[in-house]
Amino acid sequence: MADHIAVMTDGRFTQTGPPQQLYARPATLDTALLLGPASTLDGKVDNDRANCPLGALPLTRHCPDGDATILIRPEQLHLSDAGTTADTDATVTGCEFFGADMVVTVRLAGGATIRARAAGTTPFHPGQPVTVTVHGPVHAYPRQEPGRRPDDVPPADGPGVR
């Protein structure tokens, strides 16, 4: 990537800045998904907390209260063996080994699927019950009707154009 990028959606600039800034604080869901892997969950925002299948999570920035799409990066998800606990909240459904790390696909109790990064030496396997912990704040975007775009793009922190 370049040292400064501009993201355009539907013919207009939605955010500009250094790649690290856009990855860490994407102004729109489309920008977030464009710049790297992520899991999205249905949830609700209430008082700047995202309530989703992974619990009540802090936000990277303000999002209006109401239905929202919650976005979490794979490196934010920490998995631990749930042992023989019958009431686990998640089950490993797949593992992709990449040497130094792996991507672990996990099905949550409500049926949603997330993808987490783990060390390549971690012994996860399909069918294994796990506990999921989220590290750091998550992104939330007001839920839009299918095929509709928001009239205005939420402001990004730092320099940028709309």
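Heads up: numbering here begins at 1 and tracks the sequence.
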Should T105 and V92 be marked as a side chain to side chain contact (heavy atoms under 4.5 Å, CB included) after you check the CA-CA gap, both sets of side-chain angles, and the distance that decides it? CA-CA 6 Å; T105 304; V92 174; over 6 Å; no
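- The side-chain heavy atoms of L34 and T31, taken from C-beta on, include no pair separated by under 4.5 Å.
- Sorted by first then second residue, the salt bridge (charged side-chain N to carboxylate O under 4.0 Å, His left out) pairs that include residues 50-59, not counting sequence neighbours, number zero.
- Residues forming a side-chain contact (heavy atoms from CB on, under 4.5 Å) with A112 (at least two apart in sequence, or on another chain): L41, L108.
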Give the C-alpha distance, both sets of side-chain angles, the deciding distance and a yes or no for salt bridge (charged side-chain N to carboxylate O under 4.0 Å, His left out) between K44 and D65. CA-CA 7 Å; K44 285 189 176 286; D65 288 355; over 6 Å; no
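- Residues I70 and H139 form no side-chain contact, since every pair of their non-hydrogen atoms from C-beta on lies 4.5 Å or further apart.
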Test side chain to side chain contact (heavy atoms under 4.5 Å, CB included) on D30 and D10; report intermediate values, then the result. CA-CA 11 Å; D30 288 339; D10 292 337; 5.8 Å; no
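- Summarising the geometry of I114 relative to S39, their closest heavy-atom pair is CA-OG, 3.3 Å, with the distance given to 0.1 Å.
- The OG1 atom of T28 sits 7.0 Å away from atom CD of Q15, with the distance rounded to the nearest 0.5 Å.
- Here the side chain of Q76 pairs no donor or acceptor atom with the backbone of T133 at under 3.5 angstrom.
- Scanning all heavy atoms of the two residues, the minimum distance from G94 to P126 falls at CA-CG, 4.3 Å.
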Could you walk me through whether T91 and V106 pass the side chain to side chain contact (heavy atoms under 4.5 Å, CB included) test, one step at a time? CA-CA 5 Å; T91 305; V106 176; 5.9 Å; no
Would you tabulate the side-chain donor-acceptor contacts of residues 95-103 under 3.5 Å, counting partners in other chains and residues two or more places apart, or write 'none'?
residue : atom : partner : partner atom : Å
E96     : OE2  : R115    : NH1          : 2.9
E96     : OE2  : R115    : NH2          : 2.8
D101    : OD2  : R117    : NH1          : 2.8

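- Side-chain N or O atoms of R61 include one that pairs as donor or acceptor with a backbone N or O of A27 at under 3.5 Å.
- Side chain of R107 to backbone of T113: no donor-acceptor contact under 3.5 angstrom is found.
- Between L59 and P137, the closest side-chain pair of non-hydrogen atoms is not below 4.5 Å.
- The ring-ring contact (aromatic ring centres under 6.0 Å, His included) pairs that include a residue from residues 107-136 are H78-H135, where partners are two or more places apart or lie in different chains.
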Given the rule in the side chain to side chain contact (heavy atoms under 4.5 Å, CB included) test, do I72 and L77 qualify, once you have shown the distances and angles that lead to the verdict? CA-CA 8 Å; I72 306 169; L77 298 168; 3.8 Å; yes
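- Across every non-hydrogen atom of D81 and P129, the tightest pair is OD1-O, 3.5 Å.
- Contact record, V132 with A90: CG2-CB, 3.8 Å, taken as the closest heavy-atom pair.
- With sequence neighbours excluded, no residue forms a side-chain hydrogen bond (donor to acceptor under 3.5 Å, both in side chains) with Q20.
- Under the 4.5 Å side-chain criterion, counting only non-hydrogen atoms from C-beta, P142 is in contact with C63.
- Put simply, the side chain of L79 reaches to within 4.5 Å of the side chain of V104, judged on heavy atoms.
- In this structure, the side chains of P19 and L35 stay at 4.5 Å or more apart for every pair of heavy atoms.
- With a 4.5 Å cut-off on side-chain heavy atoms, I5 and L22 count as touching.
- Residues L71 and L33 are in side-chain contact: their nearest non-hydrogen atoms beyond the backbone lie under 4.5 Å apart.
- For the side-chain hydrogen bond (donor to acceptor under 3.5 Å, both in side chains) test, residues two or more places apart in sequence or in another chain that qualify with H62 are D48.
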